[in-house]
Amino acid sequence: MPELPEVEVVRRGIHRWATYATVTQVEVLDQRSLRRHEVGEADFIARLTGQLLDEPQRRGKYLWIPYGEGSHALVVHLGMSGQVLVTDPSLPDPKHLKIRITITSGDRIQELRFVDQRIFGGLYLDALVPAVDRPEELLPATVTHIGRDPLDDHFDTEAVFRKLRKRRSNLKRALLDQSLSSGIGNIYADEALFRARLHYSRPTETLTRNEVSRVYSAAEQVMRLALSQGGTSFDALYVNVNGESGYFDRSLYVYGRHGQLCYRCEERGQETLIERRKFMNRSSYFCPVCQPVPRRARK
DNA sequence: CGCAGGTCCTGCACGC
DNA sequence: TGCGTGCAGGACCTGC
């Protein structure tokens, strides 16, 4: 479910409510949420208990909380349906609660709750290593293959352009490839394509520098906008960092709008309906006028 | 039955 | 032939 803006909202919520807290207890209610912690539940509990949590970090859709003087981190991936809640322990357990991490800061006791219906997400512990391109930056070893996201100060559009030109794939697949650039999922891929007026099946090797720059600026813009709208949603006594009701209005122009009028065409007095296609085993939404199918489309 | 916003493994094709 | 790489497709889950 969550793409970059949702994950960033979670990061800010954790930053505000859990930074410099100490883990006093860890309870695993469903081992499947530890699938990526290969050495198992007992190790996870033993190593995390007693740790002082540092400021949460993010790259793309990966979120991590460093501990142990920056040597390791608790890594969180929300998958399709994951949520992180910071709550008072007296609140009843939500449905699909998978992992409970009790934390204290001063005399305040809270719980960091990982909730996940579909179990594509999960938690694990990992060592922090220097980023290859900027050694002063640390990230989990399992996250080193993830490219920088468009909101990252060191995101390099020119480098992405060069890689795209060498690829024999289509633009949407490239946008969704987290090793090329991260944080973009199905929704924001469609939104970025619409804003840049490019079709999802466009062969990557034919893209111009200008088109690549357009689609990544569009991705950056739409994600910043979503973030600015979601930024206040965790400011509550009991923080629903990423709540059930809590997906904020993303100001979507195409995603989920099939059969409805294209806003851009409408402004010109033209009535075009947004279409939905099965593409790469998922739904893709686009305007057939603003985003014409390229002469040589690629699956 | 179809649908859901993610990730990663497998197997294939290709070049060296 | 074997190996590495890039790419497409499916598996992984539950619930509406």
Side-chain angles (χ1 to χ4, degrees), chain A residues 1-10 29-38 58-63 75-84 94-98 114-124 126 140-147 149 162-194 200-205 219 222-223 225-227 229-230 242-259 276-285 297-299:
Chain A
M1 255 164 137
E3 302 183 33
L4 186 152
E6 292 79 9
V7 179
E8 176 59 15
V9 169
V10 173
L29 293 96
D30 190 335
Q31 295 215 31
R32 291 176 298 175
S33 294
L34 286 184
R35 194 176 295 141
R36 291 200 253 188
H37 190 77
E38 290 165 7
R58 182 189 55 74
R59 176 179 283 200
K61 303 170 200 170
Y62 282 85
L63 171 67
V75 186
V76 180
H77 200 289
L78 301 176
M80 293 277 260
S81 55
Q83 297 172 262
V84 174
K95 207 176 174 186
H96 309 301
L97 176 65
K98 303 298 182 189
F114 182 70
V115 179
D116 191 10
Q117 183 211 115
R118 293 176 68 189
I119 335 174
F120 285 176
L123 307 186
Y124 61 97
D126 198 7
T142 49
V143 179
T144 52
H145 71 289
I146 300 295
D149 60 64
R162 286 194 299 266
K163 287 182 183 168
L164 284 171
R165 296 285 306 196
K166 284 186 212 149
R167 267 184 202 220
R168 295 291 178 270
S169 188
N170 64 66
L171 181 51
K172 183 160 179 184
R173 183 176 286 273
L175 288 170
L176 294 175
D177 180 345
Q178 305 295 302
S179 67
L180 183 66
S181 67
S182 64
I184 304 170
N186 201 38
I187 294 178
Y188 295 115
D190 280 6
E191 292 297 317
L193 289 165
F194 175 79
Y200 54 73
S201 65
R202 177 68 180 275
T204 46
E205 73 274 24
V222 67
M223 292 196 293
L225 185 62
L227 193 49
Q229 289 167 353
N242 182 13
E244 208 88 58
S245 61
Y247 287 104
F248 40 86
D249 173 13
R250 296 180 178 84
S251 303
L252 303 181
Y253 291 169
V254 272
Y255 189 84
R257 295 196 65 247
H258 59 295
R276 173 170 67 176
R277 288 290 149 72
K278 265 290 182 212
F279 185 66
M280 293 167 55
N281 260 330
R282 51 197 355 170
S283 291
S284 284
Y285 301 85
R298 178 176 285 135
K299 280 185 65 179

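Just so you know, these numbers use all the heavy atoms, side chains as well, and skip hydrogens, waters and symmetry mates. Quick caveat, the model's predicted, so the values are computed rather than measured.
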query: So, is A:Q178 close to the B:dG6 phosphate, meaning a side-chain N or O under 4.0 Å from OP1 or OP2?
result: no
task: Compare side-chain N and O positions of A:S283 against OP1 and OP2 of B:dA4 and report whether any pair is under 4.0 Å apart.
output: yes
query: Going by atom types only, do A:D126 and A:T142 share a side-chain donor-acceptor pair under 3.5 Å?
result: yes
- prompt: So what's C:dC12 paired with, Watson-Crick or G-U wobble, going by both distances under 3.5 Å?
  reply: B:dG6
message: Roughly how many Å apart are C:dG15 and B:dC8, using the C1' atom of each and rounding to a whole number?
response: 23 Å
message: Taking any heavy-atom pair under 4.0 Å as a contact, classify A:Y62: base, sugar-phosphate, or nothing.
response: sugar-phosphate
Return the polar atom pairs (N/O with N/O) between nucleotides 9-16 of chain B and the protein under 3.5 Å, or none.
none

- request: Classify the ring geometry between A:Y253 and A:F194 as parallel (under 30°), tilted (30 to 60°) or perpendicular (over 60°).
  value: perpendicular
Interatomic distance, A:I146 CD1 vs B:dT7 P [rounded to whole Å]: 7 Å
- request: Using the P atoms only, state how far C:dC16 lies from B:dT7, rounded to an integer number of Å.
  value: 24 Å
message: Please encode protein proximity along nucleotides 8-16 of chain C as a string of B, S and -, counting only heavy-atom distances under 4.0 Å.
response: BSS-BBBS-
- prompt: Of A:H145 and A:Y255, whose closest DNA chain B nucleotide lies nearer the 5' terminus?
  reply: A:Y255
